Amino acid sequence: AAARTPVELRAALAAGPGAAPGPAEINRAAELILAQREITTTLAELGALGSEARYRSVDFRDRDAVLRAVKEIHAEHGRLDGVVFAAGVIEDRLIADKTPESFQRVYGTKTAGAAALFAALDDLPGAPAFTVLFGSIAAVLGNRGQADYAAANDALETLGADWAARTGARALTVHWGPWAPSAAHGGMVGAELGREYARRGVELIDPDEGTAALLRELAWGEPSVRAVVYTASGW
Ligand SMILES: NC(=O)c1ccc[n+]([C@@H]2O[C@H](COP(=O)([O-])OP(=O)(O)OC[C@H]3O[C@@H](n4cnc5c(N)ncnc54)[C@H](OP(=O)(O)O)[C@@H]3O)[C@@H](O)[C@H]2O)c1
C-alpha cells in the first residue's frame, strides 16, 4: 500500500515473497493495482459529492454479458438516461507488423463492443436520451501505427449514426485529440507518445477542459450532429 508510483509498485512487487515473476507479469500486476486504486478513489470522490455510483466490470466483446448487464441495470433503476461508451485498446504497430489477432482486439473492442451495446439498448422499452461514443482523431486524420484503431473509431461513428437513424435517439461520437494524463488516470497517452506529440507540436487536452467540452456539447450542441472533433491544437 505504501508504493504509490508505478516505479515504486514494480519494485515492491519484484521484491515480494515467492518465485520472482518476470517483468511482463510485474507490469501487468502493477497496472491492475493502479487501475483498482483509481476506481476506488473515483468512487470515493463521487460518494463524497453525494453521487450514488456503482462500478461493474463487463467485457464488451462478450455480447451476452453486455445484454445481461444492460438489462439488469435497467431493471434495477427502471430507466437508463444516458450511456458513455469509452472502451478501447491500442496495440500500435505498422501494418506489416500487425497480426490478425491484434487487429481484431483493437478493432473488435470498439466495433463489436458498440454493436453489443446497441443490441442491448434495442431490447429496452425506451432508448436513452443520449449515447456518447469515445472515438479518436485518428479516425479523422489517421495516425502512424494506428490503422486498426483509426478504422475502429471510424466504424464506431457509423454504428452510432446507424443506431440513431434507426431509433431517432441521439448518438454522438467524439473524436478526441490526445488527452494529457492526470495524476489519477494515465490513459492511452504514455510518456513516449506524449514526447512524440510534443515533437510534432500537438498539444494535449487538459482533462478538466475535455470533460467540460463534452458536457457543453451535450447541453448545447445540435442533437442531430453525429460526430465532433475536439483537440487542444492542430494535429
Ligand atoms: N487518452 C487519449 O488521449 C484518447 C484520445 C482519443 C480517444 N480516446 C478514447 O477514450 C477512451 C478511453 O481512453 P483512455 O485514454 O482512458 O484509455 P485507457 O486508460 O486505456 O482506458 C480504456 C478503457 O477501456 C476499457 N476496455 C478495454 N477493453 C474493454 C472491453 N473489452 N470491455 C470493456 N471495457 C474495455 C478498459 O478497461 P480495463 O482497464 O478494465 O481493461 C479501460 O477502462 C478510449 O475509447 C480511447 O479510444 C482516448
Side-chain angles (χ1 to χ4, degrees), residues 6 27-43 55-70 73 83-92 101-117 120 131-143 145-157 159-160 172-198 200 202-211 213-214 217 227-233 235:
N27 218 14
R28 258 198 307 278
E31 278 174 9
L32 192 61
I33 292 171
L34 287 170
Q36 284 165 344
R37 283 183 185 167
E38 186 187 332
I39 292 161
T40 310
T41 309
T42 303
L43 288 175
Y55 175 82
R56 176 172 179 154
S57 176
V58 179
D59 182 351
F60 263 68
R61 294 181 66 191
D62 180 345
R63 198 180 170 95
D64 290 343
V66 175
L67 290 174
R68 239 185 350 263
V70 171
I73 290 165
V83 177
V84 178
F85 179 72
V89 292
I90 47 171
E91 297 186 22
D92 296 1
E101 293 76 25
S102 171
F103 186 99
Q104 200 44 48
R105 272 195 299 275
V106 174
Y107 188 77
T109 300
K110 293 251 173 182
T111 57
L117 170 67
T131 298
V132 173
L133 308 169
F134 270 35
S136 165
I137 192 155
V140 185
L141 296 171
N143 201 19
Q146 292 194 330
D148 43 9
Y149 184 68
N153 285 293
D154 186 41
L156 189 68
E157 177 187 328
L159 288 166
L172 173 73
T173 299
V174 182
H175 290 307
W176 297 108
W179 282 53
S182 68
H185 181 73
M188 286 186 175
V189 180
E192 194 187 327
L193 201 53
R195 277 193 294 277
E196 168 63 14
Y197 286 135
R200 287 162 54 189
V202 177
E203 282 171 37
L204 304 181
I205 297 172
D206 174 89
D208 289 339
E209 278 297 317
T211 310
L214 175 57
E217 182 65 39
V228 291
V229 175
Y230 275 118
T231 61
S233 67
W235 180 244

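Fair warning: this is a prediction, and the values are worked out from it, not measured in the lab. Each ligand, and each atom within it, is numbered from 1 in the order the structure gives.
- For R68, the salt bridge (charged side-chain N to carboxylate O under 4.0 Å, His left out) test picks out no residue, with sequence neighbours left out.
- Residues passing the salt bridge (charged side-chain N to carboxylate O under 4.0 Å, His left out) test with E91 are R105, sequence neighbours excluded.
- In this structure, the side chains of M188 and W176 stay at 4.5 Å or more apart for every pair of heavy atoms.
- Side-chain N or O atoms of N143 include none that pairs as donor or acceptor with a backbone N or O of Q146 at under 3.5 Å.
- Take R56 and apply the salt bridge (charged side-chain N to carboxylate O under 4.0 Å, His left out) test, not counting sequence neighbours, and it matches E72.
- Residues F134 and L214 form a side-chain contact, since some pair of their non-hydrogen atoms from C-beta on lies under 4.5 Å apart.
- If you look at ligand 1, the protein residues with a non-hydrogen atom under 4.0 Å away are V58, D59, F60, R61, A86, A87, G88, V89, T109, K110, F134, G135, S136, Y149, W176, G177, P178, W179, H185, G187, M188, V189.
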